[in-house]
Amino acid sequence: MSKIAIVDYGLGNLRSVSKALEKVGGNVSITGNLDEIRAADGIILPGVGAFHEGMARLSDLQTALLEAQGQVPVLGICLGMQMLMDFSEEHGLSAGLGLIPGTARRFKRTQGYKIPHMGWNQVSLSQDDDPLYSGIPDGSFFYFVHSYWADSPDQYLVTSTEYINRFASSIRNGTVWGTQFHPEKSGEAGLQILENYIGMV
Amino acid sequence: MVLTRRIIPCLDIKDGRVVKGTNFIGLRDAGDPVELAERYNEQGADEVVFLDITASKENRGMIIDVISRAADRLFLPLTVGGGIRSLDDIKRTLRAGADKVSMNTSAVEDPSLIEQGARAFGTQCIVVAIDVRRNMSDNPEATQVSLKDGTTCWYEVVTYGGSKPTGIDAIKWAQEAEERGAGEILLTSMETDGTKDGFDIPITSRISDAVGIPVIASGGVGNLEHFYDGFVYGKADAALAASVFHYGEMTVSEVKDYLIERGLPIRPPMRR
């Protein structure tokens with residue numbers, strides 16, 4: 001059975017991600033071991049918190065993710081998605097893994113909008129046939145919690161969402177996907193995303 | 001496409017069991033928090049809050065078991081409050097599967113706990129719960145709030161479940177909590193809590209205007225319109241309620257249908 005590695009680098013609610021994947025039939029291990037991640041058939045990069053700390057903690061596990069492009073399906077969630085991109089504006093400008101073109105930018109303080117963007121918001125599908133969104137209707141609701149938004153060229157956009165400005169709520173480059181929202185906290189729609197992911201592994 | 005307002009049922013948990021009665025039909029065990037939370041999930045709850053009111057230190061660990069069971073079965077955001085007094089408590093709670101921790105008295109007594117938690121785990125998981133009470137005494141230092149009847153008062157932070165006045169101005173404390181790294185404010189007014197007369201609109205809207213982070217209104221819901229008022233006049237980002245849901249007076253889906261009808265952005269309840 002295909003094995004999915006959830007990258008454990010000391011940040012994020014790994015248990016929820018793991019249980020949600022198991023619920024839809026995934027064979028999952030939570031691991032911080034480079035060899036184990038390299039051997040996996042799919043890699044999930046979860047994460048909440050600060051970008052620079054996430055990158056620092058990821059340390060030599062970055063190698064496994066860089067090697068995965070074009071080889072196995074990778075799914076970055078929330079901070080995990082932002083770390084897949086080129087840069088984050090957090091703390092000046094920090095470099096990410098560069099697997100999907102784009103930059104994480106801080107939401108601009110705007111009258112009438114709270115930061116973080118916290119709660120359920122809708123996604124608008126930019127592509128009709130992305131396998132991650134199979135069976136997910138346009139306008140479905142997902143749970144978001146973030147203060148930085150993904151700015152990525154249109155060709156990498158899978159879905160977009162509006163809050164203060166339009167941002168990339170999911171992106172893809174080759175075999176690497178990222179979702180800004182938390183599929184593991186987004187009820188049935190989120191479980192469908194994870195089931196679709198497992199289908200690709 | 002806009003961010004929706006959230007409806008959040010809160011469960012009071014003592015020694016690992018739900019306290020306060022439940023009128024849910026078809027629950028195998030009305031006292032099991034996880035089973036009740038799952039029922040709320042089916043009704044379309046946007047998040048769930050577990051408030052641990054366990055008194056004895058020995059039984060504190062029971063909430064951890066409840067959180068892990070909930071995290072295994074509930075694919076919704078889960079906030080846990082009550083008895084969180086140290087960075088270690090925060091860590092244990094999040095490790096077990098909670099997404100956010102809520103701190104009340106402990107944050108007032110040691111505000112650095114907010115910073116420590118935010119630095120270690122991110123601001124998004126630190127909720128500062130603020131209990132407030134109206135104070136009519138003269139206090140030129142405090143922020144004056146106008147009430148519906150034309151009088152003014154200031155709102156004082158109270159701790160230990162509303163029993164201890166602190167002399168702290170609630171609006172200033174909310175701003176300080178935000179500066180220290182809180183990601184959200186859970187505001188309960190002791191004036192309205194348990195009254196079923198509706199949320200305390202004056203202080204909810206003042207705090208919502210005073211901070212840049214989301215505010216959850218709590219205390220006083222008795223009917224559907226109260227939710228509407230809390231969002232529209234109280235400017236709350238989310239509304240929390242306990243007894244109206246527990247006693248089956250209304251379901252989360254009824255609240256959501258009503259608010260959608262009134263034109264508010266709400267994630268629709270699930271249809272089966």
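So you know, we letter chains A, B, ... as the sequences are listed, proteins then strands, and number each from 1. Quick caveat, the model's predicted, so the values are computed rather than measured.
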Below 4.5 Å from any heavy atom of chain A, which atoms of [X] appear? Answer side chain, backbone, both or neither.
X	result
B:Ala118	neither
B:Ala238	neither
B:Lys100	side chain
B:Arg119	backbone
B:Arg6	side chain

- Message: I'd like to verify something: which residue of B:Leu94, B:Asp99, B:Asn41 has the highest number of heavy-atom pairs under 4.5 Å with chain A?
- Response: B:Asp99
- Heavy-atom pairs under 4.5 Å with chain A, option from B:Gly212, B:Ala120, B:Gly183, B:Gly122 with the top count: B:Gly212
What part of [X] gets within 4.5 angstrom of chain B, counting heavy atoms only: side chain, backbone, both, or neither?
X	value
A:Thr110	neither
A:Gln122	both
A:Ser16	both
A:Ser124	both
A:Gln111	neither
A:Leu191	side chain
A:Ala50	neither

Looking only at heavy atoms, what is the nearest atom pair of [X] and [Y], with distance?
X	Y	answer
A:Lys114	B:Val211	CE-O, 3.8 Å
B:Thr4	A:Phe141	CG2-CE2, 3.4 Å
A:Met118	B:Gln124	CE-O, 3.9 Å
A:Asn121	B:Leu3	ND2-N, 3.5 Å
B:Pro77	A:Trp120	CD-CZ2, 4.3 Å
B:Ile213	A:Pro116	CG2-CD, 4.3 Å

Report, as yes or no, whether the 6.0 Å neighbourhood of atom [atom1] on [X] holds more than 12 heavy atoms from other residues, nucleotides or ligands.
X	atom1	value
A:Lys23	NZ	no
B:Arg95	CZ	no
A:Asp128	CG	no
A:Gln127	CD	yes

- Note on the structure: With chain B, the option among A:Ala20, A:Ser18, A:Gly10, A:Pro183 that has the most non-hydrogen atom pairs under 4.5 Å is A:Ala20
- Message: As an exercise: rank A:Gly139, A:Ser147, A:Gly112, A:Gly119 by heavy-atom pairs under 4.5 Å with chain B and give me the winner.
- Response: A:Gly119
- Message: For the CZ atom of B:Phe121 and the CD atom of A:Glu53, what is their distance to the nearest 0.5 Å?
- Response: 9.5 Å
- Any residue of residues 72-91 of chain A which, by heavy atoms, sits under 4.5 Å from chain B: none
- Note on the structure: For residues 62-72 of chain B against chain A, heavy atoms under 4.5 Å, the residues are B:Ser68, B:Ala71, B:Asp72
- Item | Under 3.5 Å donor-acceptor, A:Lys185 side chain and B:Leu76 backbone | yes
